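See below for the structure under consideration.
What you see is a predicted model; the values in this text were computed from it and never measured. Read the numbers this way: they start at 1 and go in the same order the structure lists the ligands and their atoms. Counting from 1, the numbers follow the sequence of the chain as shown.
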Amino acid sequence: MLKKNLKKILLFRGKFFRSLNFRIMVFLLLIGVIPALLVAGGFLASYNKLSMTQLGNDVRNQCRILATQLSSANYFEHMDNETLTGEMTQLATLYDGRIIIIGQDLRIVEDTYDLEVGKTMVAENVIRCFKGENVSYRMGDRFVELAVPITTGDEENQKIIGVILATASTDTQRANLETLRQSMETWLAAIGISVLALAILLANWLVKPLRHMNQSIGGLVEGALADDLDIHDCTETEKISDTFNLMLAKLRRIEESRQEFVSNVSHELKTPLASMKVLADSLLVQEGAPVELYQEFMKDIAEEIDRENTIISDLLTLVKMDRKATEMNIAPTDINEFLEQILKRLRPIAEKEKVEVVFESNRSVSAEIDATKLSLAFSNLVENAIKYNKENGWVHVTLDADHKYFYVKVSDSGIGIPQESLDSIFERFYRCDKSHSREIGGTGLGLAITKNAVVSHGGAIKVQSAVGEGTTFTVRIPLKYIV
Ligand SMILES: Nc1ncnc2c1ncn2[C@@H]1O[C@H](COP(=O)(O)OP(=O)(O)OP(=O)(O)O)[C@@H](O)[C@H]1O
Ligand SMILES: [Mg+2]
């Protein structure tokens with residue numbers, strides 16, 4: 001039980017970390033908290049620098065005053081000046097530090113700690129101060145140390161007669177900094193919690209349209225895709241919902257076509273069988289029927305078998321092309337001759353339908369094609385142009401080429417294709433004007449096969465049509481086959 005629950009929790013956590021919700025939350029947290037951290041860090045660092053500089057400047061000013069007093073009181077000759085010693089002690093106490101006075105011979109003459117009087121001081125900053133260099137203060141771990149020269153003489157003839165080495169404790173500054181840091185941490189925690197709360201709310205708000213969308217799609221799937229999506233939460237979901245509805249419409253059309261196809265195919269497959277049955281039965285019931293009758297009926301039966309065969313092989317061709325397993329059998333082909341051959345095969349049908357077929361070629365064209373596949377494609381285009389034509393109509397097949405492609409145009413003077421069907425005719429099993437098409441015969445697979453063959457050559461197919469006037473299919477195929 002426990003193991004099961006643990007697994008559930010882990011699964012939920014995994015899902016949560018991959019969710020958009022989580023990403024938005026992390027993003028908002030980052031853009032909310034990182035700037036606050038940077039500002040706080042920068043502020044503390046500046047404050048620290050400023051307070052230390054301030055302390056250094058204060059001590060330096062005090063030492064300069066002391067140096068002037070020492071100099072004017074001739075301190076190095078009258079060292080027993082109690083007032084000055086008192087002031088030094090006061091200064092040292094004020095900064096919780098230490099004042100050391102060093103004479104010209106580097107000997108310590110006064111130390112508020114009374115520890116090193118008489119010793120020699122060779123600290124670098126003291127020596128540099130004696131040399132007249134402007135020594136800035138030195139920062140220790142818990143103190144600031146600086147050396148200030150004691151001078152005599154006027155401005156032009158100044159002489160350094162000693163150095164004040166002052167040390168001031170930074171405890172107060174550091175305590176202030178610590179207090180500031182603590183209060184900042186409290187503020188940062190408060191900001192962090194507010195940003196987190198805001199991020200959760202905002203992430204939920206942003207993801208809500210998607211959740212809504214998911215629910216609606218789920219509902220649609222259960223309802224067998226019968227309704228449209230209707231989501232107006234925001235512009236983006238509205239767009240997705242529109243595109244989704246287009247897809248739904250297409251799915252419905254495909255489903256409709258599929259059902260249509262199943263009934264079409266069963267009808268198409270059953271019709272030849274029914275005729276054969278009738279023909280065979282009528283021969284069986286007639287005892288001693290003449291041989292001529294047998295021959296006539298057998299001829300009809302053979303035709304029905306051919307028809308059945310055509311439908312089945314059309315279906316097989318399409319299935320084969322779909323699997324893409326079909327290898328292309330490319331060979332250089334004389335396109336003029338290739339088209340002539342196709343038309344030669346179809347002319348008898350055209351004559352039967354009283355349709356005139358004309359071939360016009362502007363040049364001789366040779367191209368690398370799979371003749372079997374393209375023959376299916378062009379045969380179907382010309383066959384359609386003949387089938388969906390009027391009595392005494394015409395079919396024009398023209399061939400042209402440029403340096404890259406050849407173009408075959410199949411125009412007819414037939415019944416035309418309604419505008420709303422133009423997008424669908426290449427879908428398998430689609431047939432315009434069902435009742436009329438059924439009379440004519442066909443499965444609606446021809447143009448699907450045609451398009452498949454053209455596209456597998458890297459070509460394109462276009463159609464233009466006007467109802468009652470005629471239709472033009474234009475096919476463009478590259479002269480060189482590119483794998
Ligand atoms: N030249 C054309 N003129 C008018 N309608 C056409 C033309 N070509 C195609 N169509 C329409 O497009 C539909 C699809 O054509 P397609 O060649 O795919 O199928 P089919 O001719 O009905 O059957 P099949 O070619 O499989 O025997 C046809 O049913 C017809 O309604
Ligand atoms: Mg056809």
query: Has ligand 1 got any nitrogen or oxygen that is less than 3.5 angstrom from a nitrogen or oxygen of Arg431?
result: yes
task: Identify, by atom number and element, the atoms of ligand 1 in contact range of Lys387, meaning under 4.0 Å from any of its heavy atoms.
output: 20 (P), 21 (O), 23 (O), 27 (O)
message: Between ligand 1 and Glu383, can you find any atom pair, the residue atom being a heavy atom, that is separated by under 4.0 Å?
response: no
message: Tell me which one of Asn362, Thr474, Asp402 satisfies side-chain hydrogen bond (donor to acceptor under 3.5 Å, both in side chains) with Tyr407.
response: Asp402
message: I need the minimum non-hydrogen distance between Asn389 and Ser413, along with the two atoms involved.
response: OD1-OG, 3.1 Å
statement: Note: Ile461 and Val454 closest approach over all heavy atoms is N-CG1, 4.3 Å
- request: For a side-chain contact (heavy atoms from CB on, under 4.5 Å) with Val357, tell me which candidate from Asp412, Leu346, Ile386, Val410 qualifies.
  value: Ile386
statement: Taking only non-hydrogen atoms of Ile425 and a 4.0 Å limit, the atoms of ligand 1 in range are 12 (O)
- prompt: Is there at least one pair of N or O atoms, one from Ala448 and one from ligand 1, spaced under 3.5 Å apart?
  reply: no
message: Using a 3.5 Å cut-off on N or O atoms only, is Gly444 in polar contact with ligand 1?
response: yes
message: If the cut-off is 4.0 Å to any non-hydrogen atom of Leu445, which atoms of ligand 1 fall inside it?
response: 18 (O), 19 (O), 26 (O)
query: How far apart are the closest heavy atoms of Ala377 and Ala453, and which atoms are they?
result: CB-CB, 4.0 Å
task: Using a 4.0 Å heavy-atom cut-off, say whether Leu447 meets ligand 1 through its side chain, its backbone, both or neither.
output: both
task: Check whether any side-chain heavy atom of Asn329 lies under 4.5 Å from a side-chain heavy atom of Thr372, and answer yes or no.
output: no
statement: Closest non-hydrogen atoms of Met213 and Ser241, given as atom of the first, atom of the second and distance, are CE-N, 3.6 Å
statement: Of Tyr430, Phe426, Phe473, Tyr388, the residue with the heavy atom nearest atom 28 (C) of ligand 1 is Tyr388
- prompt: Testing Leu447, Asn380, Val382 for side-chain contact (heavy atoms from CB on, under 4.5 Å) with Phe473, which one passes?
  reply: Leu447
- prompt: Does at least one non-hydrogen atom of Gly416 fall below 4.0 angstrom from an atom of ligand 1?
  reply: yes
field: Heteroatom distance test (Ile417, ligand 1): nitrogen or oxygen, under 3.5 angstrom
entry: no
- prompt: Looking only at heavy atoms, is any part of Asp412 under 4.0 Å from ligand 1, and if so is it the side chain, the backbone, or both, or is it neither?
  reply: side chain
message: Between ligand 1 and Gly446, is the shortest N or O to N or O distance under 3.5 Å?
response: yes
message: Do Glu337 and Gln341 pair up side chain to side chain, a donor and an acceptor below 3.5 Å, judged on atom types alone?
response: no
query: How does Ile449 reach ligand 1, by side chain, by backbone, by both or by neither, if only non-hydrogen atoms under 4.0 Å count?
result: neither
- request: Return a yes/no value for Cys432: is any of its N or O atoms, backbone included, closer than 3.5 angstrom to an N or O of ligand 1?
  value: yes
message: With rounding to 10 degrees, what does the angle Asn380:OD1 / the Mg ion (ligand 2) / Asn384:OD1 come to?
response: 100°
statement: For Leu293 and Gln286, the nearest pair of non-hydrogen atoms, with its separation, is CD2-OE1, 3.4 Å
